[in-house]
There are 2 protein chains.
Amino acid sequence: MKNAKISNAVIKRLPRYRRYLIELRKKGVEKISSKEFSNLIGYTASQIRQDLNNFGGFGQQGYGYSVDGLYDEISAILGLDKEYRMVIMGAGNLGQAIAKYTHFHKQGFKVCGVFEISPNLIGKDLDGIEIMDYENIVEYVEEEEIDIGIICVNQNNAQEVADKLSFAGVKGIWNFAPTDIEVPKHVALENVHLSDSLHSLAYHMNDIQKKDQSKEKAKKEE
Amino acid sequence: MKNAKISNAVIKRLPRYRRYLIELRKKGVEKISSKEFSNLIGYTASQIRQDLNNFGGFGQQGYGYSVDGLYDEISAILGLDKEYRMVIMGAGNLGQAIAKYTHFHKQGFKVCGVFEISPNLIGKDLDGIEIMDYENIVEYVEEEEIDIGIICVNQNNAQEVADKLSFAGVKGIWNFAPTDIEVPKHVALENVHLSDSLHSLAYHMNDIQKKDQSKEKAKKEE
DNA sequence: TAGATTGTTAATCGATTAACAATC
DNA sequence: TAGATTGTTAATCGATTAACAATC
């Protein structure tokens, strides 16, 4: 494995490669060339080879890539050969939904507990996961060896919660609050800005309509 | 407003500009220079000016940008001066959470209905939003003039639901299913691949740890 | 008018694509 | 050995940054 800094653009493509490899495996496909993979996934064959060669030579000349082998390699690169222990901060709609969503659990990301400040919610059970008092988050993270904190509190409290989680010693923060937060450099941060995503969708919807309208206009003027 | 194709990198930054402008407005700030904005938001002043000039000259030489004015311009560019009517496909945990999440509603994105295939859920009420039968989605979209379909069904049904929504005439699809779907070119598509995001977080967590370890090793070898 | 800051052109940087020698 | 396909270098493309004339 090489040592140079891998660009984020490459990292963002890895989970997608992995998803397609899972599908191929399901279908019993044993090998795939970069060209075949390109047709399937929509990246150029060249880009696929470049991306993979950031991490090592996983292919074999004249043959292609082993589907199983590549799947294992990418999983290892992403760190998906480990288990992760997570806490959810905030038991609002989103926090509760993520707590109940089994999809992550199946992939090795386990929600261990949910933390709340509201007394109405503390003590409740979410499909077997307890809602606990925000007061106790620091000791819980230490004792239960929590890796990841998921921020589902509102905008105004997001930074404070992030600070607390960082202090408590999580290695990563997954932020769903619609605001930018700052974390120490030894903590990894991934944002899911749902509103931003929706706004981007709105832009593209309007863009398509605008183009259609100008096309129609051009047609009439003919 | 210019006509050249705007790159997606620019579009993705617009909601973020807008968020910071909202904060500035709250604080009563009236004008901001690209340099001041740069310090705040973390993009270079040059990039800010480049980005904005894709859409028009919103600033004034020697002065800067009007916070209010720029907010309005960006909102209009994104199409946030309109209201959007949405349906949620799938009343699982995620679908229910989004239905109840008031944040989007406040920004002009209204969830009008939720659609399900499971008889146990059809007819139920989610904070005033009815869960309806998937059978009736096409006529509902037409009659209620739905703009956006939100896909919260599982991976295996996502493409079928997307096809149905496209046929029914939505202008945009917001996909939360952990798979890639295809839509006709007159339909805008925005994906929220939560698993991919989590995998990317895992990578960065491991990357930080690896670097820390090699640093420590280098220290010991001194 | 002088100072500040934009709008815009030019330079740089990084990411993607193309080409091809290496090799299975 | 011949054919296929990788790994990798070189070329291209696009996005970001720097520079500066225009102008408020």
Side-chain angles (χ1 to χ4, degrees), chain A residues 1-17 20-21 24 29-74 77 200 203 207, chain B residues 1-17 20-21 24 29-74 77 200 203 207:
Chain A
M1 208 178 281
K2 293 168 192 186
N3 226 39
K5 167 82 183 148
I6 312 291
S7 90
N8 207 248
V10 175
I11 306 308
K12 288 280 176 194
R13 282 192 291 270
L14 293 180
R16 188 173 149 125
Y17 286 125
Y20 280 86
L21 289 165
L24 288 166
V29 179
E30 284 183 9
K31 69 133 197 156
I32 192 161
S33 71
S34 57
K35 203 181 161 193
E36 291 166 322
F37 208 2
S38 170
N39 290 334
L40 196 65
I41 201 170
Y43 304 138
T44 64
S46 202
Q47 178 158 69
I48 293 168
R49 295 203 301 278
Q50 282 282 27
D51 280 354
L52 299 177
N53 274 92
N54 280 301
F55 304 98
F58 302 143
Q60 194 176 339
Q61 276 114 326
Y63 175 81
Y65 299 86
S66 145
V67 169
D68 265 9
L70 195 53
Y71 170 81
D72 289 343
E73 293 284 2
I74 292 180
I77 292 164
S200 170
Y203 174 86
D207 195 42
Chain B
M1 209 176 278
K2 293 166 191 188
N3 226 40
K5 168 83 183 150
I6 312 292
S7 89
N8 208 248
V10 175
I11 306 307
K12 288 278 174 197
R13 282 192 291 270
L14 294 180
R16 187 171 150 128
Y17 286 125
Y20 280 86
L21 289 166
L24 287 166
V29 179
E30 284 184 10
K31 69 134 199 155
I32 192 161
S33 71
S34 59
K35 203 180 162 194
E36 291 166 321
F37 208 3
S38 171
N39 290 334
L40 196 64
I41 203 171
Y43 304 138
T44 64
S46 201
Q47 178 158 68
I48 293 168
R49 294 201 301 278
Q50 283 281 28
D51 281 354
L52 298 177
N53 274 93
N54 280 301
F55 305 99
F58 301 144
Q60 194 175 340
Q61 276 114 326
Y63 175 83
Y65 298 85
S66 145
V67 169
D68 264 9
L70 195 53
Y71 170 81
D72 289 343
E73 292 284 3
I74 291 180
I77 292 164
S200 170
Y203 174 87
D207 195 43

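It should be emphasised that the depicted structure is a prediction, and the values quoted were computed from it without experimental measurement. Letters A, B, ... are given to chains in the order of the sequence lines, protein chains preceding strands, and every chain is numbered from 1.
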Could you tell me whether the side chains of B/D51 and B/Y43 share a donor-acceptor contact shorter than 3.5 Å? no
Under-4.0 Å side-chain N/O to phosphate OP1/OP2 contact, B/T44 with D/dT17: yes
Show the numbers, then the answer: is there a side-chain contact (heavy atoms from CB on, under 4.5 Å) between B/Y203 and A/I6? CA-CA 11 Å; B/Y203 174 87; A/I6 312 291; 3.7 Å; yes
Could you give the CD1-to-P distance, from A/I48 to D/dT6, as a whole number of Å? 9 Å
Return yes if the base of C/dT6 and the side-chain atoms of B/Q50 contain a donor-acceptor N/O pair under 3.5 Å, otherwise no. no
Length of the NZ-C1' vector between B/K35 and C/dG3, whole Å: 13 Å
Validate the cation-pi geometry between A/K31 and A/Y63: distance from NZ or CZ to the six-membered ring centre under 6.0 Å, angle to the ring axis within 45°. yes
In terms of side-chain heavy atoms of B/Q61, which of D/dT23, D/dT16, C/dC24 is nearest? D/dT23
Calculate the interatomic distance between B/Y43 atom OH and D/dT16 atom C1'; express it in whole Å. 13 Å
Partner nucleotide of D/dG3 by Watson-Crick or wobble geometry (both distances under 3.5 Å): C/dC24
Can you check the A/N54 CG to D/dT8 C1' distance for me, whole Å? 12 Å
Would you say a side-chain N or O of A/Y65 is under 4.0 Å from OP1 or OP2 of D/dG7? yes
Interatomic distance, B/K5 NZ vs D/dA15 C1' [rounded to whole Å]: 15 Å
Might you work through the side-chain contact (heavy atoms from CB on, under 4.5 Å) test for B/E30 and B/S66, ending with a clear yes or no? CA-CA 6 Å; B/E30 284 184 10; B/S66 145; over 6 Å; no
Classify the nucleic acid contact of A/S33 as base, sugar-phosphate or nothing, counting any heavy atom under 4.0 Å across all strands shown. sugar-phosphate
State which of D/dT8, D/dT16, C/dG7 makes the closest approach to the side chain of A/R49. D/dT8
Look through every strand shown and name the nucleotide pairing with C/dA19 as Watson-Crick or G-U wobble, where both distances are under 3.5 Å. D/dT8
Between P of D/dT17 and CZ of B/R13, the distance in whole Å: 8 Å
Does any N or O donor sit under 3.5 Å from an N or O acceptor when you compare the side chain of B/S7 with the base of D/dA15? no
For the pair made of CD in B/Q47 and P in C/dT9, what is the distance, rounded to whole Å? 18 Å
The residue, A/D51 or B/G62, whose nearest nucleotide of DNA chain C is more 5′ is B/G62
Would you call the rings of A/F37 and A/Y20 parallel, tilted or perpendicular, where under 30° means parallel and over 60° means perpendicular? perpendicular
Phosphate-side-chain proximity, A/S34 and D/dT6, N/O vs OP1/OP2 below 4.0 Å: yes
Rounded interatomic separation in angstrom, taking CD from B/Q60 and P from D/dT23: 13 Å
